[in-house]
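Just dropping this structure here.
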There are 2 protein chains.
Amino acid sequence: MVHDLVNQLRSFLPPEAVLFETEDLKPYECDGLSAYRQTPLLVVLPQTEKQIIQVLQLCYKTKTPVVARGAGTGLSGGALPHAEGVLMSLAKLNQIVEIDAAARTARVQPGVRNLAISEAAVPYGLYYAPDPSSQIACSIGGNVAENSGGVHCLKYGLTVHNILKLRVLTIDGECLEIGGQSLDSAGFDLLALMTGSEGMLGIVTEITVKLIPVPEKAQLVMAGFDDVQKAGNAVANVIAAGIIPAGMEMMDKITIHAVEEFLQAGYDLDAAAILLCESDGSVEEVADEIERINTIMLKSGATKVSLSRNEAERLSFWAGRKAAFPAAGRVSPDYYCMDGTIPRKHLADVLRGIEELSVEYGLRCMNVFHAGDGNLHPLILYDANQPGELERTEEFGGKILEMCIHAGGTITGEHGVGMEKINQMCSQFRTGELEMFHAVKAAFDAEGLLNPGKAVPTLHRCAELGAMHVHSGEERFPDLPRF
Amino acid sequence: MVHDLVNQLRSFLPPEAVLFETEDLKPYECDGLSAYRQTPLLVVLPQTEKQIIQVLQLCYKTKTPVVARGAGTGLSGGALPHAEGVLMSLAKLNQIVEIDAAARTARVQPGVRNLAISEAAVPYGLYYAPDPSSQIACSIGGNVAENSGGVHCLKYGLTVHNILKLRVLTIDGECLEIGGQSLDSAGFDLLALMTGSEGMLGIVTEITVKLIPVPEKAQLVMAGFDDVQKAGNAVANVIAAGIIPAGMEMMDKITIHAVEEFLQAGYDLDAAAILLCESDGSVEEVADEIERINTIMLKSGATKVSLSRNEAERLSFWAGRKAAFPAAGRVSPDYYCMDGTIPRKHLADVLRGIEELSVEYGLRCMNVFHAGDGNLHPLILYDANQPGELERTEEFGGKILEMCIHAGGTITGEHGVGMEKINQMCSQFRTGELEMFHAVKAAFDAEGLLNPGKAVPTLHRCAELGAMHVHSGEERFPDLPRF
């Protein structure tokens with residue numbers, strides 16, 4: 001069966017574009033969520049849209065599952081291969097087709113790296129705003145699949161807010177052009193529907209992204225607090241003042257110490273929490289906004305506030321935050337990065353809840369997150385070599401997500417559901433919404449061949465988990481903190 | 001058959017909530033697009049979500065079409081009744097359920113007027129940004145159905161960018177909760193899919209909208225140009241400078257004269273085009289931005305630039321623009337308002353094209369539009385009492401929309417497709433996209449009972465029109481101006 005498929009694929013793909021030997025498949029067995037591994041049936045590396053169409057038509061005819069993969073930096077297992085399926089790497093579609101400086105758009109192929117778009121736009125004084133931490137490596141196609149965010153999405157939006165048009169292939173190889181150059185487009189909003197659909201509705205072969213002018217200036221406020229509650233309130237106060245910072249990040253004590261030991265960013269080791277709040281725009285705007293932010297931080301009880309005096313200092317303030325993940329890797333053999341979102345007003349409560357769970361499970365947890373939009377990234381520290389620790393970590397993580405739903409939030413801010421959070425989907429949604437997700441999936445892919453088993457759980461799976469729907473506000477989880 | 005339905009409806013609705021006498025139905029026979037009229041089978045006026053569910057379950061059981069209607073201010077005939085269907089007015093669901101000043105959200109029922117939300121938010125210094133010209137009368141439910149914009153949507157976005165959560169009833173009466181308080185939500189983006197779906201996917205019973213702080217200051221630049229091309233370039237230059245004005249409106253000569261005769265706004269009668277460019281934000285930001293806009297206008301060849309010196313003057317500058325439609329009504333017995341969007345760079349070319357068509361059809365056309373996002377609102381002036389003029393007007397309007405598609409734009413910027421532009425959908429989309437629209441529709445409403453015949457044309461209809469798909473760039477319309 002494999003060999004039939006290989007032969008048919010080789011009738012239109014060069015031999016090196018069809019991998020089936022175990023050692024060739026190994027590099028594709030997982031994405032950024034390495035706790036989940038699966039060897040695919042085979043891997044294809046198409047180089048043109050025409051080749052992708054041929055692969056899809058063949059898979060459609062032979063009822064072979066297809067899992068698309070960009071750079072494989074995803075953190076929720078969205079690109080985890082299917083044992084009986086074809087893993088389609090889009091890495092070779094890596095051309096920046098066109099930059100239209102007047103229209104402020106770039107037309108790119110899915111395999112183009114996120115950062116490469118901004119690099120290509122430098123000559124025009126433009127850049128592409130969404131900046132996931134993985135932006136050096138992650139591909140724009142993957143960003144579209146997961147609706148990726150980043151440090152600046154509070155002000156500049158997620159991927160869906162920064163793309164205009166998509167070329168999409170359906171499972172039977174039909175090409176759709178969706179979206180356009182305008183704010184709105186006629187017909188149903190398939191552009192938004194496709195964005196964040198985790199490769200389950202179609203294969204994106206071209207993306208038209210928005211480019212925006214590089215801000216004249218950026219400046220950073222670093223504020224230390226002796227109490228997480230105060231830091232949480234400071235975030236609320238900045239937003240309430242009508243300021244939309246370019247970035248608004250929070251780190252807790254254990255994170256501050258981990259990163260400070262790692263690279264001496266000059267963080268205040270006595271602080272219970274540190275806020276990094278960035279302003280960008282024209283020189284006048286930034287001066288005005290930074291002054292207002294500074295005042296709010298002090299009024300909110302900051303024990304220490306520093307303003308970056310130059311670009312070098314701004315970057316050194318950021319250095320610690322950006323190094324949080326490697327720092328976690330330094331203080332623990334393994335760590336598990338969660339991605340839940342909650343209403344800002346519940347920041348302090350949820351952090352306390354995480355602390356309680358940390359004690360209960362006997363596992364340390366570093367908290368570093370996009371405070372402005374309430375997107376938490378708890379890093380649970382564990383040792384995979386200690387029997388049972390991974391399981392305890394996953395259970396701990398699951399509890400954190402339940403708590404986010406419980407607080408009126410959601411189980412993913414920017415990393416997607418993938419395989420990782422598929423059980424929590426049963427908690428966040430009820431049968432009605434899940435049925436609608438399946439109906440939409442069926443409208444695009446009735447046979448369920450595109451990335452099967454990801455993102456949307458079967459009703460059967462949810463039933464087996466015991467219909468654990470948490471209606472935010474309801475007291476379904478007496479063991480979780482109240483809000 | 002009508003009477004069976006009436007009796008069943010009256011079993012759960014009060015008698016005054018079920019209308020079936022011809023004189024009672026008359027007020028509902030059209031929406032803002034009065035050129036299209038149809039008397040519904042009957043009208044229901046539910047007051048609660050429970051009643052709506054009962055109506056839907058009955059209609060689903062009896063296969064009766066359902067057309068939802070808000071305030072009936074829509075301009076594309078989206079709420080045009082169905083001869084064999086129930087027209088469901090949501091006017092009685094007019095409660096502002098909750099305003100959460102801390103979260104900056106308002107939870108409202110669909111019948112609440114757009115402006116009423118901002119009025120209720122005044123005590124908190126907040127407002128709801130999207131402001132269609134009809135905002136005094138139009139309902140938020142209708143705004144969601146049409147994804148309405150307004151003068152400020154260039155900076156603040158369309159309805160879809162300003163709502164967080166929806167309660168939606170499917171045709172079989174199932175209640176869905178979609179979206180959430182976060183930037184992103186898990187699962188497919190049903191929130192965006194529902195927004196602008198023109199009542200074809202479900203009935204919205206509650207909307208959670210974003211509220212934003214009322215800007216500290218707003219100021220307006222009015223610039224006159226002796227040449228439309230120069231005005232178009234000025235728009236491009238402002239955007240290219242990285243400025244996102246709160247509003248950026250253009251009026252052509254015939255509009256300037258019509259409004260000036262109407263209410264003496266002090267517009268420059270020698271100008272070939274006038275730009276109104278607004279800045280809002282903190283006092284410092286506005287001062288800085290207004291200065292930059294002023295400089296750009298002069299560099300772009302403006303013959304006369306005035307800055308509003310106070311709030312009264314700002315409003316008087318706006319008065320003419322806001323009175324453009326009534327002014328059109330004054331200089332012509334009837335007018336037809338179009339709504340196409342084009343890439344900014346083609347503004348001048350498309351305006352020239354409209355001028356040529358105006359001569360060809362012997363009909364005057366006033367051009368007033370949201371220049372910043374390329375959203376044109378040509379007002380074709382005609383006299384319905386002159387035999388053939390309405391038909392000529394519709395043909396003229398159709399040509400304008402073809403030209404927008406031809407220029408790489410879209411047939412609707414903010415008014416929706418409804419009945420009005422259903423033929424042009426055949427021009428903008430190919431079979432593949434149209435099939436996908438129908439598949440999505442079927443996922444929500446397999447029987448096609450919700451607002452049948454609107455927004456998405458059947459493939460048969462398009463075939464009859466002669467598969468007139470215009471691929472932007474392609475030379476499918478030799479009689480239309482080149483780009």
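To find a chain, count down the sequence lines: A is the first, B the second, and so on, and within it residues start at 1. Note that the structure is a prediction, hence the values are computed from the model and not measured.
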So, do A:Met436 and B:Ile178 sit near enough that their side-chain heavy atoms are less than 4.5 Å apart?
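Not in contact.
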
Side chains of A:Glu284 and B:Glu284 in contact at under 4.5 Å (non-hydrogen atoms)
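Side-chain contact under 4.5 Å: no.
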
Under a 4.5 Å heavy-atom cutoff, which of B:Lys345, B:Arg104, B:Met425 has the most pairs with chain A?
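Looking at each of B:Lys345, B:Arg104, B:Met425 in turn, B:Arg104 comes out on top.
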
Taking C-beta and beyond as the side chain, do B:Glu177 and A:Phe429 meet within less than 4.5 Å on heavy atoms?
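Answer no - side chains too far apart.
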
Considering only heavy atoms and a distance below 4.5 Å, find which of B:Thr412, B:Thr170, B:Asp288 pairs most often with chain A.
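Of the candidates given, the most pairs with chain A belong to B:Asp288.
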
Counting heavy-atom pairs closer than 4.5 Å to chain B, which one of A:Ile411, A:Thr431, A:Leu201 comes out on top?
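Among the listed options, the one with the most contacts to chain B is A:Leu201.
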
Measure distances from B:Lys421 to the heavy atoms of chain A and classify the residue's part below 4.5 Å as side chain, backbone, both or neither.
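Neither part.
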
What part of B:Glu198 gets closer than 4.5 Å to chain A, counting heavy atoms only: side chain, backbone, both or neither?
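For B:Glu198, neither part sits under 4.5 Å from chain A.
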
Quick check for you: among B:Val417, B:Leu158, B:Val214, B:Asp373, which has the greatest number of heavy-atom pairs under 4.5 Å with chain A?
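Most heavy-atom pairs within the cutoff with chain A belong to B:Leu158.
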
Under a 4.5 Å heavy-atom cut-off, does chain A meet the side chain of B:Asp339, its backbone, both or neither?
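For B:Asp339, no heavy atom lies under 4.5 Å from chain A.
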
At a 4.5 Å cut-off on heavy atoms, which part of A:Glu289 comes close to chain B: side chain, backbone, both, or neither?
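The answer is neither part of A:Glu289.
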
Would you mind reporting whether B:Ser282 and A:Glu285 have side-chain heavy atoms less than 4.5 Å apart?
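A:Glu285 does not reach B:Ser282 side chain to side chain.
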
Could you check which of A:Pro215, A:Ala443, A:Gly374 has the highest count of heavy-atom pairs closer than 4.5 Å to chain B?
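Most heavy-atom pairs within the cutoff with chain B belong to A:Ala443.
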
Does A:Phe188 reach the side chain of B:Met194, with side-chain heavy atoms less than 4.5 Å apart?
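Sidechains of B:Met194 and A:Phe188: no contact.
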
Test item: A:Arg430 side-chain N/O and B:Leu176 main-chain N/O as donor-acceptor pair under 3.5 Å
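No; zero donor-acceptor contacts below 3.5 Å.
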
Let's test your reading of the structure: which of A:Leu126, A:Thr341, A:Val456 forms the most heavy-atom pairs below 4.5 Å with chain B?
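Counting heavy-atom pairs under 4.5 Å, the top option is A:Thr341.
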
With chain A, which of B:Ile239, B:Thr195, B:Asn375 has the greatest number of heavy-atom pairs at distances under 4.5 Å?
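The candidate making the most pairs under 4.5 Å is B:Ile239.
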
Which residue out of A:Gly187, A:Ala455, A:Ala240 racks up the most heavy-atom pairs below 4.5 Å with chain B?
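Max contact count across the listed options: A:Gly187.
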
What closest approach, in Å, do B:Gly242 and A:Pro213 show between heavy atoms, and which atom pair accounts for it?
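For B:Gly242 and A:Pro213, the tightest heavy-atom pair comes out as CA-CG, 3.5 Å.
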
Using heavy-atom distances under 4.5 Å, tell me whether B:His438 contacts chain A through its side chain, its backbone, both, or neither.
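Neither; nothing under 4.5 Å.
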
What's the shortest heavy-atom distance between B:Gln428 and A:Ala186, and which atoms?
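Looking at all heavy atoms of both residues, the shortest contact is OE1-CB, 4.1 Å.
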
Does any backbone or side-chain atom of B:Ser197 lie under 4.5 Å from a heavy atom of chain A? Answer side chain, backbone, both or neither.
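Both parts, backbone and side chain.
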
I'd like to know if the side chain of B:Arg344 and the backbone of A:Ala102 have a donor-acceptor N/O pair within less than 3.5 Å.
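No, B:Arg344 side chain to A:Ala102 backbone: no donor-acceptor pair under 3.5 Å.
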
Name the option with the most non-hydrogen atom pairs under 4.5 Å to chain A; the candidates are B:Leu434, B:Ile244, B:Asn147, B:Val168.
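It is B:Asn147.
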
Is there a side-chain contact between A:Leu190 and B:Val440 in this structure, where contact means two heavy atoms from C-beta onward sitting under 4.5 Å apart?
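With C-beta onward as the side chain, the pair touches.
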
